[in-house]
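Quantities reported herein were computed from a predicted structural model and do not represent experimental measurements. In this chain, residues are counted from 1 in sequence order.
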Amino acid sequence: MDIQKKLCPICGKVSIFECNKMCFYCYKKQYNDRIKWAIESGRKDSTQLEADIYCPWCGEMIEFENDANVCTKGKHNRKCPYCEKVFTINTRVSFNYDTWRFGK
């Protein structure tokens, strides 16, 4: 069975499987844009259980690259580098486990 691939119809750069509507990068951009729109329009004033940090004031996705405290369980106040407003990040930590056979 030959799996067909095509270029992403949004960016035209990344090869995707025929059954997918867009590449991961375009999906992520559209997702970020939807969160930003919801915050800017006043439909949302917070986010929950996201893999990324979004400012609840302006909706921008923020990467705190050199801030190890953000990765520590608990609440952390930070200033948005885009709108310069202060907000709280609540970091949750979870563990997932993989297993595999050892030897024969």
Side-chain angles (χ1 to χ4, degrees):
M1 181 178 198
D2 190 21
I3 298 175
Q4 298 293 318
K5 285 193 166 188
K6 63 180 180 179
L7 289 179
C8 172
I10 309 295
C11 69
K13 298 176 185 174
V14 180
S15 181
I16 62 174
F17 292 109
E18 189 69 37
C19 60
N20 293 347
K21 294 182 180 177
M22 66 187 80
C23 70
F24 172 79
Y25 306 104
C26 290
Y27 169 80
K28 187 67 177 165
K29 177 164 181 358
Q30 284 189 1
Y31 185 82
N32 291 346
D33 290 347
R34 282 195 303 269
I35 288 178
K36 184 173 173 59
W37 173 83
I39 290 172
E40 287 179 332
S41 68
R43 294 177 188 263
K44 288 183 90 153
D45 61 2
S46 64
T47 61
Q48 289 80 35
L49 297 171
E50 293 290 343
D52 295 305
I53 298 170
Y54 297 92
C55 174
W57 296 102
C58 69
E60 289 289 338
M61 187 185 78
I62 305 167
E63 293 184 31
F64 293 101
E65 294 174 4
N66 297 319
D67 191 343
N69 290 331
V70 172
C71 297
T72 305
K73 180 180 176 182
K75 294 183 179 177
H76 316 282
N77 293 331
R78 294 295 180 270
K79 183 193 276 189
C80 175
Y82 299 99
C83 70
E84 299 189 350
K85 292 183 180 177
V86 176
F87 65 97
T88 301
I89 301 166
N90 184 29
T91 303
R92 303 172 193 205
V93 179
S94 65
F95 295 92
N96 299 299
Y97 300 95
D98 297 328
T99 64
W100 58 89
R101 294 180 181 182
F102 183 77
K104 291 187 177 190

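One hydrophobic cluster, built from ILVMFWY side chains closer than 4.5 Å, holds both Val93 and Tyr97. Under the 4.5 Å side-chain heavy-atom criterion for ILVMFWY residues, no single connected hydrophobic cluster contains both Ile10 and Val14. In the hydrophobic clustering of ILVMFWY residues, with side-chain heavy atoms under 4.5 Å counting as a link, Ile39 and Tyr82 come out apart.
Around the CG atom of Asn90, the shell of radius 6.0 Å holds more than 12 heavy atoms that belong to other residues, nucleotides or ligands. Within a 6.0 Å sphere centred on NZ of Lys79, other residues, nucleotides and ligands contribute 12 heavy atoms or fewer. Residue Lys29 qualifies as open at atom NZ: its count of foreign heavy atoms under 6.0 Å is 12 or below.
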Donor-acceptor contacts, no H, no angles, side chain residues 54-63, under 3.5 Å, sequence neighbours left out:
| from | atom 1 | to | atom 2 | distance (Å) |
| --- | --- | --- | --- | --- |
| Tyr54 | OH | Asn32 | OD1 | 2.4 |
| Trp57 | NE1 | Val86 | O | 2.9 |
| Glu60 | OE2 | Lys36 | NZ | 2.9 |

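Shortest non-hydrogen contact noted between Cys26 and Met22 is C-SD, 3.7 Å. The two residues Leu7 and Gly12 come nearest to each other via the heavy atoms CD1-O, 3.4 Å. The heavy-atom pair separating Cys83 from Cys80 by the smallest distance is N-SG, 3.4 Å.
In this structure, Phe64 and Ile89 have side chains that are in contact, with non-hydrogen atoms separated by less than 4.5 Å. No side-chain heavy atom of Ser94 sits under 4.5 Å from any side-chain heavy atom of Arg92.
Within the model, atoms CD of Gln30 and OH of Tyr27 stand 9.5 Å from one another, a figure rounded to the nearest 0.5 Å. Summarising the geometry, atom CZ belonging to Phe87 is positioned 8.5 Å from atom OG1 belonging to Thr47; distances are rounded to the nearest 0.5 Å. Taking NZ from Lys6 and SG from Cys8, the interatomic distance works out to 8.5 Å, rounded to the nearest 0.5 Å.
Within the structure, every pair that satisfies the side-chain hydrogen bond (donor to acceptor under 3.5 Å, both in side chains) test and touches residues 64-73, not counting sequence neighbours, is listed here: Asp67-Arg78.
The backbone N or O of Val70 lies less than 3.5 Å from a partner atom in the side chain of Thr91, making a donor-acceptor pair.
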